[in-house]
Amino acid sequence: MEPESPREPPPQEGSCPPGERPPSALGQSLSQIVHRLTSQEPRRGKARSAALEDLSALIEATECDELLEGGGTWRRGMPEVLGQVARALEKYAAPPREQEGRRRADCEVAEKAAAVGLLFLKVLGRMEAAKSSLVGPTWTAGLRHSAAPIYVFALTHSLEHPWTSPGSREVAGEVLSVLLRVTPCASVAGFLHGEHEDEKGRFTAVMELLKRDLNKESWKNNPATKHVFSWSLQQVTRPWLSQHLETVLPPSLLISDDYQTENKILGVRCLHHIVLNVAVLLCLLDLFPILEKALQWKGGAARPTTHCDEVLQLILTHMEPEHRLLLRRTYARNLPAFVKRLGILTVRHLKRLERIIIGYLEVYDGPEEEARLKILETLKLLMQYAWPRVPCRLVVLLKALLKLICDVARDPNLTPEPVKSALLEEATECLILLNHCSQGQVKDLLVKILQSCEDSKVVNCIRKVQQVSEGTSYNGT
């Protein structure tokens, strides 16, 4: 039978630095309890249970002001110590690594969670009482340090999982309800991202706490972590999620890349939520290299089609017959990014891209001309990446560009002058690239136009092409 462990002295890290006033008796007691809960020594089960009992008695015997203020005698103050206690309790009740024959371990976890939940309810009860008796910043400081670990605990044990029981789920659910009431927040979503768009929520603190168990080496150590992360992620939507993209994308990819189907599905759900609530195209293009890593070309056979190919093909299918200007602008705005991502492989889509480019250049797009400007950008990229296929399309592209230049130059008042200038400049750069790809043929074809054209803007564009082409060598591109 294991003897009852005597009270250990506070850990070395809890001693006060030189020149700093020592912690209060309450601070010493709490630090001592944290040490007993987190000690890695074997056969400490009873000692940890005794620590929970001591903590419960300490909370009941301590007045609200002493429990939540306590900053006058110790520079770190009681809020930080309460945060340490909350983190230690959350870790103490966490389920162990998944393994066979763990039914007994799950029962033990549920019992621990029920006991820890009752302690959290006592702490939250003290904070709720303090709201009416203490100055605001005092009790809110304690809540700020404790809220994230209490939330992680509540979510770990309030949903139905192998390590929970009806009793532990009920207590954890009550902890979550009281936490939202104390905060105060109307919902978990409000707790995480803030009740208003300009309000800072607690999602950053929660992710900081989960981060220790969301890396490649440790994410399976705690089977609850992936579920807490996934469920919390689903609560954070646009516009709040964008600022957390760098934090939430790596663990989502990590989970989706696992060999277990359950984890793959969970990770894909996370990725789907991110795509729906962050800038979709940029997010997709960042995800494609990860999703396509198994499709790396090894030479010999034709390159396999990729997710990027499939998405571009879908976009082009909708782009070609589209007549609504708003959708045409949206499609055109995203096209250059796909050409950049595919590079030389854009030749797979060249015929359809050619038809879309010519068709979109013919249609006036409103005062800002966003669609036509993006189509010109796409054409420049296309000629840079797929230049060997450009000469056979010389006449078609040249006619489309010259028609655009003439239309813009003769436009009396529909388009603002800065937009006209931008269109003419982009079209001229396309002509220069087209001339280079065709080894000077454009320059020769423009000579007759220059002799007969009277429009100064058109003449200026043609002369720029000729000036850039002077002395250019076309022995290779």
Side-chain angles (χ1 to χ4, degrees), residues 242 245 249 252-253 256-257 267-268 271-299 301-363 365 369-394 396-397 400-401 404 426-427 429-430 433-434 437:
S242 297
L245 180 60
L249 187 55
S252 300
L253 291 169
S256 67
D257 195 38
V268 168
L271 294 173
H272 182 250
H273 179 78
I274 293 171
V275 167
L276 290 178
N277 289 278
V278 184
V280 176
L281 174 70
L282 298 179
C283 189
L284 272 177
L285 291 177
D286 286 338
L287 289 176
F288 284 149
I290 308 297
L291 299 175
E292 295 163 0
K293 66 181 183 180
L295 300 175
Q296 294 298 318
W297 185 54
K298 297 178 175 61
R303 289 177 185 263
T305 57
T306 64
H307 294 89
C308 193
D309 281 299
E310 294 170 1
V311 174
L312 178 57
Q313 187 175 1
L314 183 63
I315 290 175
L316 296 179
T317 299
H318 289 283
M319 261 187 103
E320 194 167 1
E322 186 56 63
H323 64 277
R324 289 166 289 188
L325 291 180
L326 184 60
L327 285 177
R328 288 168 69 95
R329 292 184 195 118
T330 303
Y331 289 136
R333 187 186 306 130
N334 294 325
L335 208 51
F338 276 90
V339 176
K340 286 180 182 178
R341 174 67 69 186
L342 284 172
I344 184 61
L345 296 182
T346 312
V347 295
R348 291 170 170 168
H349 312 275
L350 204 51
K351 288 184 179 179
R352 181 172 280 180
L353 276 168
E354 177 190 329
R355 295 196 301 268
I356 289 172
I357 287 170
I358 293 170
Y360 274 56
L361 289 180
E362 290 177 347
V363 179
D365 183 44
E369 291 281 18
E370 183 181 359
R372 290 209 279 194
L373 284 170
K374 285 298 179 181
I375 288 295
L376 288 171
E377 181 184 346
T378 301
L379 178 57
K380 286 196 299 182
L381 290 168
L382 198 59
M383 289 191 287
Q384 291 170 14
Y385 288 120
W387 58 266
R389 302 289 185 90
V390 172
C392 63
R393 294 170 168 81
L394 169 62
V396 175
L397 294 176
L401 289 169
L404 172 65
E426 290 291 308
E429 291 181 9
C430 285
L433 276 172
L434 185 60
C437 291

K.L.:
Kindly determine whether Met319 and Tyr360 satisfy side chain to side chain contact (heavy atoms under 4.5 Å, CB included), including the steps that lead there.
P.N.:
CA-CA 9 Å; Met319 261 187 103; Tyr360 274 56; 3.8 Å; yes
K.L.:
With sequence neighbours left out, write down each residue that passes side chain to side chain donor-acceptor pair (under 3.5 Å) with Arg328, or none if nothing qualifies.
P.N.:
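Arg328 satisfies side chain to side chain donor-acceptor pair (under 3.5 Å) with no residue once adjacent residues are dropped.
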K.L.:
Cys437 and Pro391: which non-hydrogen atoms are nearest, and at how many Å?
P.N.:
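For Cys437 versus Pro391, the nearest heavy atoms are O-CG, 3.5 Å.
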K.L.:
When rounded to the nearest 0.5 angstrom, what distance separates OG1 in Thr378 from CD1 in Ile357?
P.N.:
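Between atom OG1 of Thr378 and atom CD1 of Ile357 there are 6.5 Å.
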K.L.:
Hey, is the main chain of Leu342 close enough, under 3.5 Å, to the side chain of Thr346 for a donor-acceptor pair?
P.N.:
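Side chain of Thr346 to backbone of Leu342, a donor-acceptor pair under 3.5 Å: no, none is there.
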K.L.:
So with a 6.0 Å cut-off around CZ of Arg352, is the heavy-atom count from everything else above 12?
P.N.:
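Yes, because the 6.0 Å sphere around CZ of Arg352 holds more than 12 heavy atoms from other groups.
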K.L.:
Which atom pair, heavy atoms only, marks the closest approach of Lys374 to Pro336?
P.N.:
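The pair with the smallest heavy-atom distance is O-CG, 3.9 Å.
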K.L.:
Which heavy-atom pair separates Ala427 from Leu376 by the least distance, and what is that distance?
P.N.:
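It is N-CD1, 4.0 Å.
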K.L.:
Apply salt bridge (charged side-chain N to carboxylate O under 4.0 Å, His left out) to the pair Lys380 and Glu426, showing each step before the final yes or no.
P.N.:
CA-CA 9 Å; Lys380 286 196 299 182; Glu426 290 291 308; 3.0 Å; yes
K.L.:
Nearest 0.5 Å, please: how far is CG in Leu433 from CE in Met383?
P.N.:
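CG of Leu433 is found 4.5 Å from CE of Met383.
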K.L.:
For Ala371 and Asp365, work out which heavy atoms get closest and say how close.
P.N.:
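Answer, listing the atom of Ala371 first, then Asp365: N-OD2, 2.6 Å.
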K.L.:
Once salt bridge (charged side-chain N to carboxylate O under 4.0 Å, His left out) is applied, do any residues pair with Arg393, and if so which ones, sequence neighbours excluded?
P.N.:
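If we apply the salt bridge (charged side-chain N to carboxylate O under 4.0 Å, His left out) test to Arg393, skipping adjacent residues, the hits are Glu354.
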K.L.:
Do Leu379 and Leu353 make a side-chain contact, defined as non-hydrogen atoms from C-beta onward lying under 4.5 Å apart?
P.N.:
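They are not in contact (no side-chain heavy atoms under 4.5 Å apart), so the answer is no.
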K.L.:
Could you tell me whether the side chain of Asn277 and the main chain of His273 form a donor-acceptor pair under 3.5 Å?
P.N.:
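Indeed, once roles are kept as given, a pair shorter than 3.5 Å links the two residues.
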K.L.:
Run Arg372 and Leu404 through side chain to side chain contact (heavy atoms under 4.5 Å, CB included) and show every step you take.
P.N.:
CA-CA 9 Å; Arg372 290 209 279 194; Leu404 172 65; 3.4 Å; yes
K.L.:
Would you give the length of the straight line joining atom CG of Leu361 to atom CD1 of Ile356, rounded to the nearest 0.5 angstrom?
P.N.:
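It comes to 11.5 Å.
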K.L.:
Check side-chain contact (heavy atoms from CB on, under 4.5 Å) between His318 and all other residues, then give those that pass, not counting sequence neighbours.
P.N.:
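Listed in chain order: Leu314, Tyr331.
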K.L.:
Looking at side-chain heavy atoms only, is the closest gap between Leu335 and Leu381 below 4.5 Å?
P.N.:
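Side-chain contact under 4.5 Å: no.
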K.L.:
Can you name the closest pair of heavy atoms from Leu253 and Ser256 and give their distance?
P.N.:
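Answer, listing the atom of Leu253 first, then Ser256: O-OG, 2.9 Å.
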K.L.:
Could you tell me the separation between the CG atom of Leu350 and the SG atom of Cys392, rounded to the nearest 0.5 Å?
P.N.:
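Result: 7.5 Å between the selected atoms.
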K.L.:
Quick one: pull up CZ in Arg333 and CZ in Arg329 and give me the separation to the nearest 0.5 Å.
P.N.:
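Taking CZ in Arg333 and CZ in Arg329, the distance rounds to 8.5 Å.
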K.L.:
Working to the nearest 0.5 angstrom, can you tell me the gap between Ile344 CD1 and Arg389 CZ?
P.N.:
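If I round to the nearest 0.5 Å, the distance is 7.5 Å.
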K.L.:
Looking only at non-hydrogen atoms, find the nearest pair between Leu382 and Val339 and report the distance.
P.N.:
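Closest pair (atom of Leu382, atom of Val339, distance): N-CG1, 4.1 Å.
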